[in-house]
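Down below is the structure, laid out as structure tokens.
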Amino acid sequence: MKVFSRLYPRSSDQRGASMILTAFFIPVAVSLMGFTMDCGTAYYRYSQLQNATDAAVLAGANAYYNYRESTSSHPRADQEAARYISGDKNNLPAQAVAELSGSPVYQAKIYNDTTYYHVKATQEVSTIFLRHLPGMKETITVHAASTAAISSQKDSSVTEQKDGKQLFIFQKDLNIVNSIENPDRVGRPNDPGGKIVTTFDGGVAYTDDHATYNYSSQSSQLHYLFTELARKKGLGVNEAIAQNNPSDENKRYTSQITKTTYDFDALWNSVARHVSSNPVTDQNPNASTFANQQYVTFNTDRTNNINLTIDRAIAGDSNQPVYMLIKAGEWSGLSVLNVNLNADTRRPLIICLDPDNARNRNQWAQIHINLNGHTFRGIVYAKNMSDEGVLINANGGTFQGSIMAKSINLQGGAGTYRYEYFQGISPAGQNSGSSSGNEGSNPYSGSKTPKITLTSPEGLTWD
């Protein structure tokens with residue numbers, strides 16, 4: 001041992017070097033350990049968030065399908081998806097929910113004839129060690145995203161979804177007054193065409209072979225309806241017609257009036273059992289008449305003219321329709337229903353006119369809806385009416401829902417008309433037979449169960 005010690009003497013310089021190396025590596029080791037722990041926590045939180053978005057996108061896609069929503073508007077899908085991220089069905093720890101950054105992003109697209117629903121969520125995960133290092137943040141940003149394909153097979157349900165979204169269904173005639181400005185410019189070569197004033201998002205169809213219709217009473221040369229997208233992009237009518245591409249949701253600028261089949265008695269038959277034995281007799285009802293109600297019956301024996309003023313939003317669940325059932329009395333039916341909007345309806349108002357109104361009492365009804373720049377959400381169902389039928393005075397307002405009537409007359413300046421499906425009501429345009437009008441029926445009644453799967457198709461990108 002002494003020989004070994006003489007050959008390799010231990011110097012104070014070596015002991016000092018060891019202490020320097022130890023002093024250097026201890027903070028490095030601690031930093032690496034802290035980095036590993038913080039990154040491990042972040043990855044664990046990412047896994048939790050990814051599971052949450054997977055559950056959210058599947059639930060949202062199912063709601064998207066069931067409520068017949070569109071790529072441009074899918075509130076029920078978003079509402080259902082949110083429940084699995086931060087709502088009552090989430091499985092995230094409380095701290096993870098608290099660390100969610102902003103609102104999740106919900107999107108829908110059609111790509112290669114398949115509809116996709118997409119959910120993206122962001123979380124700011126707090127760090128323990130890294131925050132103490134120079135230049136490091138107090139959180140690590142974690143993103144999770146999921147995409148679901150809805151009915152990727154080209155089956156009958158996809159066709160039903162497209163054909164069922166009927167904004168208007170009429171039997172006798174449709175007259176559109178103010179659809180464009182400068183009607184003399186329609187069809188001019190090298191001219192973008194007149195400005196688009198009134199827009200239609202949803203199908204427009206007739207049921208009777210002898211029906212007549214005008215795309216615009218201003219121009220006999222106009223053979224198209226125009227979408228809100230075309231108006232927002234500032235396209236002239238000729239530009240919208242030339243650039244229209246029905247297979248591209250970003251270029252769907254026009255549509256045409258088509259023929260369809262529709263059971264006009266189905267909706268009334270489904271709600272007639274709710275006609276009250278104590279009907280409303282007030283000739284001048286307002287929004288309070290419908291507040292927190294589901295079915296309100298009006299007695300046309302006491303008054304055959306009804307002047308309804310929507311003076312405020314109708315109270316109650318905005319997703320729960322309220323039915324205005326106008327029952328033909330023993331002696332008379334409805335003559336005129338005037339609906340004047342001084343506010344948005346908010347809740348869907350389903351106006352149902354008893355088919356016996358005209359047939360048994362020789363009383364031809366009229367319905368006038370004056371939007372006055374506000375939004376009417378709901379359905380107007382009126383089979384037997386006068387030739388004037390349902391008259392909409394838009395005046396810059398929005399009609400969102402459906403109209404099924406003998407005749408439809410659109411006047412009063414610029415208007416926006418959008419299809420909307422309301423829960424529990426069979427979609428307009430579906431040849432419903434005896435069951436599709438049943439309250440609470442699936443909007444895809446008779447179609448195949450949707451195939452909804454998590455996927456990430458190549459070439460599909462999201463914002």
Side-chain angles (χ1 to χ4, degrees), residues 75-76 79 267-268 270-354 357 363 365-382 385 390-405 412 415-418 420-425 439-440:
R76 296 307 297 269
Q79 181 182 7
L267 181 56
W268 176 261
S270 70
V271 299
R273 65 183 183 275
H274 298 286
V275 172
S276 172
S277 58
N278 297 306
V280 174
T281 58
D282 185 359
Q283 187 176 356
N284 300 295
N286 56 32
S288 298
T289 306
F290 304 95
N292 302 307
Q293 302 294 317
Q294 187 171 3
Y295 299 94
V296 179
T297 304
F298 285 79
N299 184 348
T300 56
D301 262 352
R302 299 293 182 89
T303 174
N304 54 10
N305 291 328
I306 301 174
N307 298 301
L308 167 61
T309 300
I310 302 297
D311 50 347
R312 62 177 67 89
I314 300 174
D317 184 349
S318 62
N319 296 312
Q320 175 62 57
V322 55
Y323 293 78
M324 180 180 185
L325 307 177
I326 304 174
K327 185 72 173 71
E330 183 177 355
W331 305 106
S332 68
L334 176 72
S335 179
V336 178
L337 167 64
N338 288 304
V339 182
N340 294 296
L341 268 63
N342 296 329
D344 296 346
T345 59
R346 194 178 72 90
R347 279 185 72 189
L349 177 60
I350 315 302
I351 300 173
C352 295
L353 175 62
D354 186 348
N357 188 81
Q363 181 69 60
Q366 301 175 28
I367 296 178
H368 300 166
I369 301 179
N370 302 303
L371 300 179
N372 299 320
H374 298 288
T375 297
F376 177 98
R377 291 181 70 218
I379 292 175
V380 179
Y381 169 84
M385 306 188 69
V390 177
L391 170 64
I392 307 289
N393 284 309
N395 296 317
T398 298
F399 181 97
Q400 193 160 309
S402 300
I403 298 177
M404 293 86 83
T416 300
Y417 298 91
R418 303 191 197 106
E420 183 180 0
Y421 167 75
F422 303 114
Q423 182 178 5
I425 303 172
E439 183 186 345

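These numbers come from the heavy atoms of this one structure, side chains and all, not from hydrogens, waters or symmetry mates. Nothing fancy with the numbering, it's 1 onward along the sequence.
- Across N393 and G412, no two heavy atoms sit closer than the pair OD1-N, 3.8 Å.
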Going through the distances and angles, do N307 and Q283 end up as a side chain to side chain contact (heavy atoms under 4.5 Å, CB included)?
CA-CA 6 Å; N307 298 301; Q283 187 176 356; 4.2 Å; yes

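- Across all non-hydrogen atoms, the minimal contact from G401 to F422 is CA-CE1, 3.8 Å.
- The stretch residues 366-381 participates, sequence neighbours left out, in these salt bridge (charged side-chain N to carboxylate O under 4.0 Å, His left out) pairs: R377-E420.
- Between I367 and A382, the shortest heavy-atom contact is CD1-CB, 4.0 Å.
- Partners of A313 under the side chain to side chain contact (heavy atoms under 4.5 Å, CB included) rule, at least two apart in sequence or in another chain, are R346.
- Interatomic distance, N299 CG to L325 CG, rounded to the nearest 0.5 Å: 12.5 Å.
- For H368, the side chain to side chain contact (heavy atoms under 4.5 Å, CB included) partners two or more places apart in sequence, or in a different chain, are V336, N338, Q366, E388, L391.
- Side-chain contact between V275 and Y323: absent, with no pair of heavy atoms (C-beta onward) separated by less than 4.5 Å.
- Residues V380 and V339 fail the side-chain proximity criterion, which asks for heavy atoms closer than 4.5 Å.
- Between the CZ atom in R418 and the OG1 atom in T398 there is a gap of 5.0 Å [rounded to 0.5 Å].
- Minimum heavy-atom separation, A394 to Y417: CB-OH, 3.8 Å.
- Once rounded to the nearest 0.5 Å, the distance linking CD1 of I369 with CD1 of I351 reads 4.5 Å.
- Here the closest heavy-atom approach between residue R312 and residue A287 is recorded as O-CB, 3.2 Å.
- Residues passing the ring pair (Phe, Tyr, Trp, His ring centres under 6.0 Å) test with F376, sequence neighbours excluded: F399.
- H274 NE2 to T297 OG1: the interatomic distance, rounded to the nearest 0.5 Å, is 10.0 Å.
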F290 and T345: CA distance, side-chain angles, deciding distance, side chain to side chain contact (heavy atoms under 4.5 Å, CB included) verdict:
CA-CA 10 Å; F290 304 95; T345 59; over 6 Å; no

Run T300 and I326 through side chain to side chain contact (heavy atoms under 4.5 Å, CB included) and show every step you take.
CA-CA 7 Å; T300 56; I326 304 174; 3.6 Å; yes

Decide side chain to side chain contact (heavy atoms under 4.5 Å, CB included) for D344 and H374; before the verdict, give the C-alpha distance in whole Å, the side-chain angles of both, and the deciding distance to 0.1 Å.
CA-CA 5 Å; D344 296 346; H374 298 288; 3.3 Å; yes

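- The backbone N or O of T309 sits nowhere less than 3.5 Å from a side-chain atom of N286 that would complete a donor-acceptor pair.
- Under the side chain to side chain donor-acceptor pair (under 3.5 Å) criterion, T416 pairs with R231, not counting sequence neighbours.
- Annotation: side chain to side chain donor-acceptor pair (under 3.5 Å) contacts of N340 (sequence neighbours excluded): N370.
- For T281, the side chain to side chain donor-acceptor pair (under 3.5 Å) criterion is met by no residue, not counting sequence neighbours.
- For the salt bridge (Lys or Arg N to Asp or Glu O under 4.0 Å) test, no residue two or more places apart in sequence or in another chain qualifies with R76.
- If you take CG on N305 and OG on S335, they are separated by 4.5 Å, rounding to the nearest 0.5 Å.
- With sequence neighbours left out, P285 forms a side chain to side chain contact (heavy atoms under 4.5 Å, CB included) with T289, F298, I306, L308.
- Taking CG of N292 as the start and CD1 of I314 as the end, the distance is 11.0 Å to the nearest 0.5 Å.
- Across G397 and L371, no two heavy atoms sit closer than the pair C-CD1, 3.8 Å.
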